[in-house]
Amino acid sequence: MFMRVPQIIWRLLFMTEPTIDMCWFPCSHCIFVRASGLQKMALESLVGHAEGHARRNEIDELHDLLHRSTDQCLSNCDLLPRAIGQLMHDVTLNTLSIVYLSGLALLKQSTSSSVLLLTPEAIVKVTESIIKLGDARQLHGRREPLTFYGSLLRQYSTVVADNEASLGRQGLHHLKLALSPTSVSPAHGGFLKVAVKCQNFSAAEHLLRTTDALHFEPSVTGVSHVDVLSFFYYGALTYVGLHRWVDALGFLETCLSVPAIGVSMFVVEAFRLFYLVHVLHRGTLPTKLAGLSSQHERVCRTLSQEYIDICAAIDNKDHETIAAVMASCSKEFAASHLYGVVRLAIQSVKRHTIIDLTRTYLTLTLADISQLVKEPVPLLERRLRLMITSGEINATIDSATQTVSFGANVNSGGSGGPTTTTAELEQRIDKLLTVMGQLQKCSDDTVASPAFVSQRLRNQPDFEDMMGDLVKKHFKSQKGIMAMMTDLVRAGPN
């Protein structure tokens, strides 16, 4: 049982403005203490009142209490871990309080690099407890707690990604429980990050397939600008891992198109990955990105020069330049998590060289292709057979003469495909003729309509005589009057 000290009495006793933590005291003691003596007890007092509000399900008042205590909590931030630990005994009742205090602890850590309030182990314990036992209704519709919850999930995903050997499977399972079934939430980007780190692309692909990538509800999920960038960037990495290049390019274009005042590292990394995937899949450098402003593109180019250089060398299929760039920027590429994609892009040079040959030659010997591609004949023949089987090129290999005959490569984007047969061409022509006939009929119906005829011929002096003569001609011939009207209108009055 608690009672509130009236503000007027507080001012008279201590000559100071009361705070939320200074005005509540046990009714059985009613001992008044000066504000200086209450500093260390503020969080303990807050914990007691938070538990009391939670048991009475007064979530709105509890949120108000926590919000007004923000400054007091931050001034005593070293006591936050102990306060969170006291609330952890009943996560279901104290979900809002735990999320709020954890968010304040992470906020203090982010603003002061020398402060470590929540250890990685504590972040894992708190987050998994909230995911498994927390009452999400306490967070619903409250932007600040949802923001803190998103921050907690991001920190959790970072811890799990850094310790994937011991926490990977369990972390993926718990993050999956935290996901919203329809819209993108703060947990989505974290889940994809952990899945990519653990190379569990099937779990990530399932999430991408079941999530509406363009559905955001900040007031419900607390999703932020960083969460959106994280979702699309790690989604693109997932598709890169699955070798689904078109889907990866789509996610990267969306990531680069997210409105922003400044350039974040997500945007820079997405810019680098977009260049690599574009040259890997299509064999050419990308043109200007429509969704990226000129100013942001200049910043990305400045920070990604080595990636642009290697992509330009791959585009030119210049093996010497590729080797020189790799030698000069080997440390930068090796330290980046995109090093594997860089290697894939370099390996694609031979594939794109072969595709270019199909556009130039009809027949080449394996020895000639080997010299152009710079690959031994046995390996080259194996590569050609794989490309033919996958549909990247339309070609046949004559083992007796050791020659390769190229057909028409109908896909200019480089992914290839079978040639169009004569029957398919005739079928397309029939469809075109059918469409042309339908368009002609629409034109005839329009021209022969009474409204059009009246508009076209009514101003002629002999309009009535013309129409009477038309009817007489109709009875003398087999031609329909509508067809005759069409001819008349198109020919115009004499």
Side-chain angles (χ1 to χ4, degrees), residues 157-158 161 164 168 172 175 184 188-211 213-214 227-258 264-286 289 291-292 300 303-304 306-315 322 326 329 332-352 355 386-387 390-392 411 413-416:
S157 64
T158 301
E164 72 277 8
L172 277 175
L175 273 175
V184 178
H188 279 71
F191 182 90
L192 294 174
K193 179 180 179 180
V194 176
V196 169
K197 185 78 173 180
C198 301
Q199 295 188 355
N200 191 342
F201 296 118
S202 60
E205 194 273 336
H206 175 74
L207 174 66
L208 293 172
R209 190 174 64 251
T210 57
T211 302
L214 299 178
D227 300 322
V228 176
L229 291 174
S230 175
F231 173 77
F232 284 108
Y233 177 70
Y234 287 109
L237 282 178
T238 298
Y239 287 129
V240 168
L242 296 170
H243 289 195
R244 290 170 54 177
W245 312 119
V246 176
D247 293 327
L249 288 172
F251 263 58
L252 289 170
E253 287 178 345
T254 307
C255 183
L256 293 171
S257 302
V258 174
S264 66
M265 282 310 299
F266 272 119
V267 174
V268 175
E269 291 293 324
F271 181 86
R272 295 170 177 175
L273 185 59
F274 182 81
Y275 258 73
L276 291 171
V277 174
H278 196 282
V279 77
L280 190 159
H281 174 56
R282 298 176 180 169
T284 59
L285 289 173
L289 295 170
L292 195 63
C300 291
L303 298 175
S304 310
E306 62 272 18
Y307 290 88
I308 296 175
D309 291 342
I310 194 67
C311 289
I314 293 171
D315 180 24
I322 291 174
M326 288 299 295
C329 303
E332 289 82 355
F333 289 139
S336 171
H337 65 280
L338 299 179
Y339 184 65
V341 187
V342 174
R343 300 297 304 176
L344 284 175
I346 294 173
Q347 294 171 10
S348 71
V349 172
K350 296 178 180 179
R351 180 168 57 86
H352 288 295
I355 292 173
L386 288 174
M387 293 179 69
S390 63
E392 286 188 277
N411 192 323
S415 61

**Prompt:** Should K193 and T158 be marked as a side-chain contact (heavy atoms from CB on, under 4.5 Å) after you check the CA-CA gap, both sets of side-chain angles, and the distance that decides it?
**Reply:** CA-CA 8 Å; K193 179 180 179 180; T158 301; 3.2 Å; yes

**Item:** Aromatic centroids of F333 and Y307 separated by under 6.0 Å
**Value:**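 Yes: the rings meet the under 6.0 Å criterion.
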
**Message:** Once side-chain contact (heavy atoms from CB on, under 4.5 Å) is applied, do any residues pair with V258, and if so which ones, sequence neighbours excluded?
**Reply:**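 Partners of V258 by the side-chain contact (heavy atoms from CB on, under 4.5 Å) criterion, ordered by chain and then number, come out as H225, V228, L229.
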
Please report the interatomic distance [atom1]([X]) to [atom2]([Y]), rounded to the nearest 0.5 Å.
{"X": "S336", "Y": "E269", "atom1": "OG", "atom2": "CD", "answer": "5.5 Å"}
{"X": "Q347", "Y": "R343", "atom1": "CD", "atom2": "CZ", "answer": "6.5 Å"}
{"X": "I310", "Y": "S304", "atom1": "CD1", "atom2": "OG", "answer": "14.0 Å"}
{"X": "I346", "Y": "I322", "atom1": "CD1", "atom2": "CD1", "answer": "6.0 Å"}

So do [Y] and [X] actually touch side chain to side chain, heavy atoms under 4.5 Å?
{"X": "I314", "Y": "H352", "answer": "no"}
{"X": "Q199", "Y": "F201", "answer": "yes"}
{"X": "Y239", "Y": "L208", "answer": "yes"}
{"X": "H281", "Y": "V246", "answer": "yes"}
{"X": "P286", "Y": "F274", "answer": "yes"}

**Request:** Can you label the angle between the F231 ring and the H188 ring as parallel, tilted or perpendicular, going by 30° and 60°?
**Result:** perpendicular

**Message:** Once you measure the plane-to-plane angle for W245 and H243, does it fall in the parallel (<30°), tilted (30-60°) or perpendicular (>60°) bin?
**Reply:** parallel

**Message:** Could you walk me through whether Y233 and L192 satisfy the side-chain contact (heavy atoms from CB on, under 4.5 Å) test, starting with their C-alpha distance in whole Å, then the side-chain angles of each, then the deciding distance to 0.1 Å, before giving a yes or no?
**Reply:** CA-CA 9 Å; Y233 177 70; L192 294 174; over 6 Å; no

Minimum-distance pair of heavy atoms, taken over all atoms of [X] and [Y]:
{"X": "V184", "Y": "A213", "result": "CG2-O, 4.0 Å"}
{"X": "F266", "Y": "C255", "result": "O-SG, 4.5 Å"}
{"X": "L256", "Y": "F271", "result": "CD2-N, 3.8 Å"}
{"X": "Y234", "Y": "G189", "result": "CD1-O, 4.0 Å"}

**Message:** L338 and side-chain contact (heavy atoms from CB on, under 4.5 Å): which single residue from L344, L237, V240, V277 fits?
**Reply:** L237

**Message:** Applying the side-chain contact (heavy atoms from CB on, under 4.5 Å) criterion to R282, which one of T284, L280, V279 satisfies it?
**Reply:**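 So, applying the side-chain contact (heavy atoms from CB on, under 4.5 Å) to R282 and each of T284, L280, V279, only T284 qualifies.
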
**Request:** For side-chain contact (heavy atoms from CB on, under 4.5 Å), just list the numbers for M326 and V342, CA-CA rounded to whole Å, side-chain angles, deciding distance to a tenth of an Å, and then say yes or no.
**Result:** CA-CA 10 Å; M326 288 299 295; V342 174; 4.0 Å; yes

**Request:** Please confirm whether the backbone N or O of A345 pairs with a side-chain atom of S348, one donor and one acceptor, at under 3.5 Å?
**Result:**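 Checked: pair present.
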
**R272 (side chain) donor-acceptor with E306 (main chain) under 3.5 angstrom** = no

**Message:** Checking E253 now: which residues fulfil side-chain hydrogen bond (donor to acceptor under 3.5 Å, both in side chains) with it, not counting sequence neighbours?
**Reply:**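 For E253 there are no side-chain hydrogen bond (donor to acceptor under 3.5 Å, both in side chains) partners, ignoring immediate neighbours.
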
**Message:** side-chain contact (heavy atoms from CB on, under 4.5 Å), that's the test. Do S202 and N200 meet it? Break it down for me.
**Reply:** CA-CA 6 Å; S202 60; N200 191 342; 3.1 Å; yes

